[in-house]
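First the structure, in the form of structure tokens, and then the observations on it.
Just so we're on the same page: letters track the sequence lines, and every chain starts at 1. Both backbone and side-chain heavy atoms feed into the values below; hydrogens, waters and symmetry mates do not.
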There are 2 protein chains.
Amino acid sequence: MGARTDTRQKMLCGAIELLGERGAAGVTVDAVLARSGAPRGSVYHHFPGGRAEIMSESLTLAGDTISALITAAADRGALGVLAGIAEFWTATLLASDFEAGCPVVSVAVGGSPEDHHLQPEVANILHRWHDTLTIAITAEGVAPARAARLATMAIAGVEGAVILCRVDRSTAPLDEVVEELRVLLATAVDN
Amino acid sequence: MGARTDTRQKMLCGAIELLGERGAAGVTVDAVLARSGAPRGSVYHHFPGGRAEIMSESLTLAGDTISALITAAADRGALGVLAGIAEFWTATLLASDFEAGCPVVSVAVGGSPEDHHLQPEVANILHRWHDTLTIAITAEGVAPARAARLATMAIAGVEGAVILCRVDRSTAPLDEVVEELRVLLATAVDN
DNA sequence: GTCTATACGAAGATAGAC
DNA sequence: GTCTATCTTCGTATAGAC
């Protein structure tokens, strides 16, 4: 599997940006081209499956990117993962002037009929995040069942907070949620 | 200010359902008609502003409905509100076979250009929920600043959990999040 | 690999008959 | 109040030139 062309990568990155900013419905072929600056003729050359293939590959790439982030931060323990995710979203929200949201959530929420085939991959991605987080929390000495619940709480809280941040055009909701998650995690570790 | 016609109400309810199930982009005029069984000719009769007016009114109605739910449950204290919200979403998710999500979140996430004018109303709705929750938590003896943070955590957690429930086709994520929110609230009240 | 041109369908909106 | 065209725009996809 040789290196993929630059154009292809640019298109996928553009698609991920659009996914976060405008939701699944906002990822039109034209928008991807405009965003990435890729030439028209490249679409069906690089993605024979058309829009469906662009959606599927960009979703996978987005999921892998954040999975890598979580896994890398796991070295610093459960609190490290939390800090890592918070840093990532704070930077992403600020850099986009609060236009960007989570691309995976966008697909999960915008359940249009033509993007329905992406649901299994969304579930896959979220389960991977959950598993990694659960392991990190368990390593702190929390019982597995409780750790799994805390992992669910953390993912739901952070994803919900990112939505609130966009609406408020402020990183405050994320800061507050992370702070409360830290408190919750601390009490769980002490037991 | 007389009573509004049945057709108008049916269309708005259909629009709210579509908003939760397919996101903002899924609320097309045709889909609203099909869902509500309303006649074609009714669209611009009841909603001179066309789709934009349907979106705006259905969003407001959805926000008010959930606001009323929260306010009503506030009599039972902060835990009562949490229980009330949990019951509502559990019932909604099950009744829709996990197709329905939060209509307000759908608008917040699916930021298409043509629905951009709805952002202020989304912020309004979420702030109303937040204020009501903050008051309920403060009434339990929690300091105002902490109560506001807990309210943010609760809204973010529940909205995030609803997304996870849809993806997993299970109410388990919501149950887990509500359980952890209860724990968090309990420790906050004790201090 | 990239371009233009075009076919096809879906969606919003309007006009005019009933 | 409701219906049937019809117009326009947009989005996906394909064909064929360069």
- Message: Tell me the interatomic distance from A/Tyr44, atom OH, to D/dG11, atom P, rounded to whole angstroms.
- Response: 13 Å

- Message: Rounding to an integer number of Å, can you tell me how far B/Asp115 CG sits from C/dA11 P?
- Response: 15 Å

- Separation of C/dA11 P from B/Arg35 CZ (nearest whole Å): 14 Å

- Query: Taking atom C1' of C/dG12 as reference, at what distance in whole Å does atom CG of B/Leu33 sit?
  - Reply: 12 Å

- Query: Between A/Met55 (CE) and D/dG11 (P), how many Å, whole number?
  - Reply: 15 Å

- Item | Nearest-0.5 Å distance, CG of residue A/Leu126 to CG of residue A/Asp131 | 11.0 Å

- When the distance from CZ of B/Arg51 to C1' of C/dA11 is rounded to whole Å, what number comes out? 10 Å

- Message: Walk me through whether B/Arg22 and A/Asp115 qualify under salt bridge (Lys or Arg N to Asp or Glu O under 4.0 Å).
- Response: CA-CA 10 Å; B/Arg22 306 190 202 167; A/Asp115 293 326; over 6 Å; no

- Task: Could you tell me whether the side chains of B/Glu121 and B/Thr60 share a donor-acceptor contact shorter than 3.5 Å?
- Result: yes

- Query: In a check of side-chain hydrogen bond (donor to acceptor under 3.5 Å, both in side chains) between B/Arg8 and each of B/His46, B/His45, B/Glu57, which one passes?
  - Reply: B/Glu57

- Query: In whole Å, what is the span from the CG atom of A/Asp30 to the P atom of D/dT14?
  - Reply: 15 Å

- Give a yes or no on whether A/Val104 and A/Met55 share a hydrophobic cluster (residues Ile, Leu, Val, Met, Phe, Trp, Tyr; joining criterion: side-chain heavy atoms under 4.5 Å apart). yes

Listing time: all N or O pairs from protein to nucleotides 2-4 of chain C that are below 3.5 Å?
from	atom 1	to	atom 2	distance (Å)
C/dT2	OP2	A/Ser42	OG	2.9
C/dC3	OP2	A/Arg40	N	3.0

- Protein-nucleotide distance (A/Arg8, atom CZ; C/dG1, atom C1'), rounded to Å: 15 Å

- Message: Check this for me, if you would: do A/Glu179 and B/Arg146 make a salt bridge, where the nitrogen-to-carboxylate-oxygen distance has to be below 4.0 angstrom?
- Response: no

